Structure formats: structure tokens, C-alpha cells
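Nothing here was measured: the structure is a model prediction, and the numbers come from that model.
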Amino acid sequence: MRAALLLLPLTVFAAAPSGEETYKIRCAGCHERTDPRVPHRTALQQMSTQRILRALDFGAMMTVAYPLNRQERQAVAAFLGKNVPVPAPPASAFCADRSVKLAVASAVTSKDAWNGWSPRADNTRFQPAEAAGLSIDAVKKLKLKWAFGFDGDVTAFAQPTVTGGQVFVGGAGGIIHAMRADSGCLQWTFQANGPVRSSILAVPLGRQHALLFGDQTGWFYALQAETGKLLWQKKVEEHDAARLTGAPVAHDGVVFVPVASWEETRSLDPTYVCCTFRGSIVALRIRDGAQVWKSYMVGLPKETGKNKRGVPQLGPSGAGIWAAPTLDAKRGVMYVATGDNYSSPPTETSDAIIALDLKTGKIVWSRQTLPGDAYNSSCGTDKLNCPAEDGPDYDFGSSAMLVAPPGGRELLLAGQKSGMVYALDPQRQGEIVWQVRIATPGPLAVTSVGVQWGMAADGQKLYAASSNSGRERATDPLDIRRNIMDPNQGGGLTALRIADGSRAWYAPPIVCAQGAPSGCSPAQSAAVTAIPGVVFSASMDGHLRAYSSENGAILWDFSTAREFKTVNGVKATGGSIDGPGVVVSKGMVFVNSGYSRFGGMAGNVLLAFEPE
Ligand code: HEC
């Protein structure tokens, strides 16, 4: 019974946190100083509540705010900031004609769309020739067409959806933008409750279209694509640390929402009751948001002991789902890829590829590739909340790809943060057909060495970039980054033959140039994209590179780590590229640049390219 009570968030019983108290404990140590590197409290008091909250959620204060729950964030932002409305974009940022026309239902499924995480439900991130509209020669001639700045953000991490001449994209400030693909002018914006990084899925709804996406605070939305009007919103997960990062997918009037969390970093607070989050998929009816089913990846957590401070510890927990499910309508299932457990006991469903029944959400089979992986952020610091297993934190952070090579059997291809790539047999409960290591940890690497946000596959080969990076802990107490990136270590792109996993080629990483800004790293953790003849892989060094899928030679290279003149008049720079990858549609290439998390170079820009 005692354990059961503990399952409820403790904040239910505690008084609402005081913003002043939170400020004193968590902020004053730095913000009462007179140091030119730290804005003084009096400067923070000139900012809007929204801007301060944004700094805590996905801005400059993101790492500092890791131990703070939602209420504490809101309370401290309200205590410090001014309660003023967020300024609307200037009229000059909008199109002369603001109408959004996705006239036919098929616009969202049209052949040239990049709608959601991958152009098709197989999650291969492959755009076929006609839809891509780019030959190898055209790729070599790509030029910047327009840049769009995310006002007030230091991170750009939402993959755009491109369909019917439209771009729909979220941002760290929680704003959804509808804009024209050819010019980047705005048609409408919508303010969500929290940062939005999941890619947006457009689906027909009646005579119009719905845009489906989740935010970083557990809310899921349906907007009318034509107007930006809210159709419905639903909190799909009550856990305070929930975050909806993976893109939704839809089938037969139902949308499937993957649920992950940042509870791992909450554990940095030794008084935090670690851990209670459970990864899940939530199925909602697209029409009205009604829940059809919810399927958890681990059972109910129970008290397992206490940490050295006497704070209860709970488990099992974790197995968050960070990436879009892969639909296999033919077999009536979807495949999801799970992350690590956060506390003991570890479960058989962490670091696994799991098949769920589309109708019920029941687990049909589960293939774990790494047992016993329980980890949270305290393992890297005071270890007070660290489970006995202590990692190694090798999540699946990306979707499995369902491929059917010509003449070969169907395979599920999955890349793990461990550096392993697996081919599983969807016909035989995910039996492993082959496994290959594409990266090994270097001396300074922490956690991720292999596939982080996603691979790509064409008919013959798969392309896996390595997120391996070197990182050192910051020693300067005012350095708000938890890690400093090593400019010489990490990265690399491997092509494997799908049939047997043999290596076709390897394109080594390119180390950061002399004098590159701090935060530069050759790591390639962003998702990879393929079109016929070309593979796009972006790097934490800010470069976006196109490789020949034949031999890995670099065909085109564009450095995004600089200032850009933007179509909406916002001061914008590019930085590290991480998270989502490149989107290709109808002869245009889109990418977000700026990913300050993990010590990378900050940025706030969406870039669109077209051949000269
Ligand atoms: C370890 C020191 C440290 C702590 C603790 C800290 N800050 Fe900061 N804060 C900084 C530094 C340094 C900057 C300047 C960052 C920059 O300009 O890149 C900053 C900048 C900010 C900004 C401006 C961001 C922007 O968008 O311009 C806000 C708002 C802020 N802090 C709020 C907070 C709040 C609220 C807390 C407590 C929850 C907090 N900080 C705790 C060091 C700290």
C-alpha cells in the first residue's frame, strides 16, 4: 500500500512550489553575481515569463534546470519575469496571401510529400527519385534559398513536414509555423503549451486536414492545417517528466503517439524519488482525440529500497519510446524501439524492438538486444540515484526500418546507441539475422557511440552515422554546459549491404577546423536521409554534407555555423546539427541548424536549399 501511494507524484501532496524559494536555491548562486557572463537578476526581471520558461525548457538554462519539475519551472519564471504577451511575428514575416491550400486529401500522401518522420511508413527516410526531384548533379549545385529564424531560441530541433508546397514546423518556443516552401513566408502560427520537436503529421480530416504533433510537456494536438485552429488537445501522459519527441504515425483513423521522458535527468536531484516514468504508445482517435488504447513498456513501479539520503527508490521504470513507430499494416502490427530502464529492476522490454498489435496495443513480441541496461543521469555524477546496473545507457533512440530488398526477405533494421546495427526477422518474432558494429567508443566518449536519431536505407544499402563524440565535464563553475565537446573525436558514416550486413564503404569523420568555436564536434548524431545516389548526413560541426551512396565520396558540403539573413527578419545563426535530419521534397532540401544540448553550438535557424 505504501508503495502504491508513492506512485502518485509527490507534488500532489506538497504545497505548490514557491518561485522565490526555487530562485534562491537554484538560481541566485549565479544570478546575484556581478559577472559579465551572467545576466543579473535585475536583467532577468526585464524578461517575459515566457522567455524565462523557454530558457529553462530548451534554452540557455536547460541543463541548469534539469532537476526542476514543471511547477517549479513555472513558479520561478513567474516570480522573476514580467507577465506580458509573447510578441507576434511582424506583419512583414507573413505571406501576402496567407491561405493554406491542401485542396485534396491526397496532398498529404502525395508522392512528393515528406510528411512526418519519414516519407513512408517503413521509416527508411528514403525519398524516391520523382519525389526528391534532385539528381546527383543538382545536389552538387545546391544553394541556400531562404533562411527562417526562430525568435528567442537557442535550439532548432524540429524536423519540418513538407507537403503540397507547404512547410509545417514546430520549435523550441512551442510555436508551430505554417509557411510556404518556396519562400518561407508565414501563413499562420500556433502557440503550443511546451516546446515542439516532434515532426508534424498531416492527415486528411473531412474535407480539410489535421496536423498532429506532441510537445515536450506531454500534450498532443490536432490543428486544422488550413487555419492553424486548435481542433483538440490531450495530455497523453500525466508523468511530470513526459516528453513527446518521436513523431506520431497514423493508420485507419487512429494516431499512435510515442511517449518518452527526461526523468533520467530529474534523478540528478538526490531528493527525487527515482524513478516512476513508463514508456508507452498512446492510440488516439484522430476525429476527436479519444483514447483507443495505451500500452506501457514496463509494469507498475514499486518501492525497491532507499538511496543513501533515505529517499525511496522505485522500479521498474523507463523504456521510453523516442522515435516514430514503424507501421506494418500487412501483419497488423507496429514496431517500436525502446530506451533504457531508469532504475532497478531492469526489464526485458528495455533496449528492445517490440511489435505491438495495431488494434489493441498488446505486445506481440519483443526482441531485446541489450539486457540489464538500467541507467540515469546520477550515474554520471554523485551516483546517489544510480541503479546497481549503472548503464551503459544504450537506448534505441531511432525507429526500426522495414525493408524488403528485391528478391530478399523482409527485414527490420535497427541501430542502437551502442554502435550496433541489427537486422531482425519480422516474420520470426524479431530473430536476429545479422548484427554489425559500426562504431566503438573512444577514450572520452560518454553513452552514445552509434546510431542516435536514425539511419536511412535505399533498396540495397543502409546508411548509419555515428553519434560518437568526445566530451569532458566543464570545470568553470559558470559554464552552464555540462560537457565540452572534443573537436577532434567522433563521427563517421558507414554504408552496409542490407542483404548480409557487409560493409560497402566507410566515410571517415572530418575533424573541426582549427579555431572552430567551442562546442564544435565531428559527431554525426542527426538522422540520415537518402535519395537515389545521395546520402545526406549533418554533423555537430554545423556542416551538412551530401555523400555519394555509391562510394561515400563527398558531393556537396555546406557550413551552417554562421549568421543568416532571414526572411522573417529575426537575428539567426546556425550551429551544431543534431536530432532530425534533412528533408527532401520536390527539388528542395530543408534542415534545422542549432542544437546546444550536450554542449553543442547553439543556433535557431531553418534553412531551405535549391539547386542553382
Ligand atoms: C551555474 C550558473 C547558473 C545558474 C545556477 C543559473 N543560471 Fe541562468 N544564466 C547563467 C549564465 C552564464 C547565463 C548566460 C547564458 C548565455 O548568455 O549564454 C544565464 C542566462 C539566463 C537567462 C537568459 C537566457 C536568455 O534567453 O537570454 C535566464 C532567463 C536565466 N539564466 C534564468 C535562470 C533561472 C530561472 C535559474 C534558476 C532556475 C538560473 N538561470 C540558474 C548561469 C546560471
S.K.: Under a 3.5 Å distance rule, please check whether D357 uses its side chain to pair with a backbone N or O of V333 as donor and acceptor.
M.R.: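 Pair absent, no side-chain N/O of D357 close to backbone of V333.
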S.K.: Hey, are the side chains of V255 and P248 touching, using non-hydrogen atoms and a 4.5 Å cut-off?
M.R.: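 They are in side-chain contact.
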S.K.: Do we see a donor-acceptor contact under 3.5 Å between the side chains of S344 and E389?
M.R.: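 Per modelled atom types, S344 and E389 side chains form a pair under 3.5 Å.
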S.K.: Apply side-chain hydrogen bond (donor to acceptor under 3.5 Å, both in side chains) to Q216 and T245, showing your working.
M.R.: CA-CA 7 Å; Q216 296 289 300; T245 295; 3.2 Å; yes
S.K.: Side chains of N83 and T49 only: does a donor on one sit below 3.5 Å from an acceptor on the other?
M.R.: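 Per modelled atom types, N83 and T49 side chains form no pair under 3.5 Å.
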S.K.: Do N592 and V169 come close enough that some side-chain heavy atom pair is under 4.5 Å?
M.R.: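 Side chain of N592 against side chain of V169, heavy atoms only: contact under 4.5 Å found.
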S.K.: Is there side-chain contact between R309 and T271, with heavy atoms separated by less than 4.5 Å?
M.R.: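 Yes, at least one pair of side-chain atoms sits under 4.5 Å.
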S.K.: Hey, would you say the Y394 and F396 ring centroids sit under 6.0 Å apart?
M.R.: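 They do not qualify: ring centres at least 6.0 Å apart.
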S.K.: Applying the salt bridge (charged side-chain N to carboxylate O under 4.0 Å, His left out) criterion to D240, which one of R70, R266, K235 satisfies it?
M.R.: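 Answer to the salt bridge (charged side-chain N to carboxylate O under 4.0 Å, His left out) test with D240 among R70, R266, K235: R266.
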S.K.: What I'd like to find out is whether the side chain of L314 reaches to under 4.5 Å of the side chain of S343, using heavy atoms alone.
M.R.: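 The answer is no, as the side chains (C-beta and beyond) never meet within the 4.5 Å cut-off.
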S.K.: State plainly whether the residues D288 and R285 are in salt-bridge range, i.e. N to O under 4.0 Å.
M.R.: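 R285 and D288: salt-bridged.
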S.K.: Would you say that Q416 contacts T369 through its side chain, given a criterion of any heavy-atom pair below 4.5 Å between the two side chains?
M.R.: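 Q416 reaches T369 side chain to side chain.
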S.K.: Dump the intermediate steps for salt bridge (Lys or Arg N to Asp or Glu O under 4.0 Å) on R51 and D153, then the final yes or no.
M.R.: CA-CA 9 Å; R51 173 153 172 205; D153 289 349; over 6 Å; no
S.K.: Run S261 and H239 through side-chain hydrogen bond (donor to acceptor under 3.5 Å, both in side chains) and show every step you take.
M.R.: CA-CA 8 Å; S261 87; H239 197 287; 5.8 Å; no
S.K.: For R125 and W117, which heavy atoms make the closest approach, and how far apart are they?
M.R.: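 Shortest heavy-atom separation between R125 and W117 comes out as NH1-O, 3.0 Å.
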S.K.: Can you spot which of N341, L356, V259 makes a side-chain contact (heavy atoms from CB on, under 4.5 Å) with M297?
M.R.: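 Answer to the side-chain contact (heavy atoms from CB on, under 4.5 Å) test with M297 among N341, L356, V259: L356.
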S.K.: Give the intermediate values and the outcome of salt bridge (Lys or Arg N to Asp or Glu O under 4.0 Å) for residues K308 and D382.
M.R.: CA-CA 11 Å; K308 283 199 187 113; D382 60 18; over 6 Å; no
S.K.: Which is it for Y221 and D215 under the side-chain hydrogen bond (donor to acceptor under 3.5 Å, both in side chains) test, yes or no, and what are the steps along the way?
M.R.: CA-CA 8 Å; Y221 307 78; D215 76 13; 2.7 Å; yes
S.K.: For the pair F190 and H177, evaluate ring-ring contact (aromatic ring centres under 6.0 Å, His included) and give the outcome as yes or no after the intermediate values.
M.R.: CA-CA 7 Å; F190 171 86; H177 310 78; over 10 Å; no
S.K.: One thing to verify: whether R278 and E237 come together as a salt bridge, which I'm taking to mean a side-chain N less than 4.0 angstrom from a carboxylate O.
M.R.: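 Salt bridge absent between E237 and R278.
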S.K.: Is there a side-chain contact between D390 and K383, using heavy atoms and a 4.5 Å cut-off?
M.R.: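 When only atoms from C-beta onward are counted, K383 and D390 do touch, with a gap below 4.5 Å.
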S.K.: Return yes if a side-chain donor-acceptor contact under 3.5 Å exists between Q452 and S398, otherwise no.
M.R.: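 No pair is found: no donor N or O on one side chain lies under 3.5 Å from an acceptor on the other.
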S.K.: Given the rule in the side-chain hydrogen bond (donor to acceptor under 3.5 Å, both in side chains) test, do N123 and T326 qualify, once you have shown the distances and angles that lead to the verdict?
M.R.: CA-CA 6 Å; N123 278 336; T326 307; 3.0 Å; yes
S.K.: Checking F213 against W219 for the ring-ring contact (aromatic ring centres under 6.0 Å, His included) test, could you report, in this order, the C-alpha distance in whole Å, the side-chain angles of both residues, the deciding distance, and whether it holds?
M.R.: CA-CA 9 Å; F213 60 92; W219 284 94; over 10 Å; no
S.K.: Could you tell me whether the side chain of S378 and the main chain of C386 form a donor-acceptor pair under 3.5 Å?
M.R.: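 Here the side-chain-to-backbone pair exists.
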S.K.: Would you check if there is a donor-acceptor pair between the side chains of Q368 and T349 at a distance under 3.5 Å?
M.R.: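 Note: T349 and Q368 side chains miss the donor-acceptor criterion.
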S.K.: Under the ring-ring contact (aromatic ring centres under 6.0 Å, His included) rule, what do Y23 and H31 come out as? Steps first, then yes or no, please.
M.R.: CA-CA 9 Å; Y23 175 77; H31 285 286; 7.2 Å; no
S.K.: Are any of the side-chain heavy atoms of W293 and F256 separated by less than 4.5 Å?
M.R.: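 The answer is yes; the side chains approach within 4.5 Å.
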S.K.: Using atom types as modelled and distance alone, determine if a side-chain donor or acceptor of T338 lies under 3.5 Å from a backbone N or O of A352.
M.R.: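 Yes.
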S.K.: Regarding N385 and N376, is there a side-chain donor-to-acceptor distance under 3.5 Å anywhere?
M.R.: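 No.
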S.K.: Take E264 and D393, measure what side chain to side chain contact (heavy atoms under 4.5 Å, CB included) needs, and give me the verdict at the end.
M.R.: CA-CA 10 Å; E264 266 177 300; D393 184 23; 3.6 Å; yes
S.K.: Would you say R41 and Q45 make side-chain contact, with heavy atoms under 4.5 Å?
M.R.: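 Sidechains of Q45 and R41: in contact.
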S.K.: Please say whether the positively charged group of R73, taken as NZ for Lys or CZ for Arg, lies over the ring of W262, i.e. under 6.0 angstrom from the six-membered ring centre and within 45 degrees of the axis.
M.R.: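 The answer is yes, since R73 meets both limits relative to W262.
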S.K.: At what distance, to the nearest 0.5 angstrom, does CZ of R367 lie from CD1 of I353?
M.R.: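 R367 atom CZ to I353 atom CD1 measures 11.0 Å (nearest 0.5 Å).
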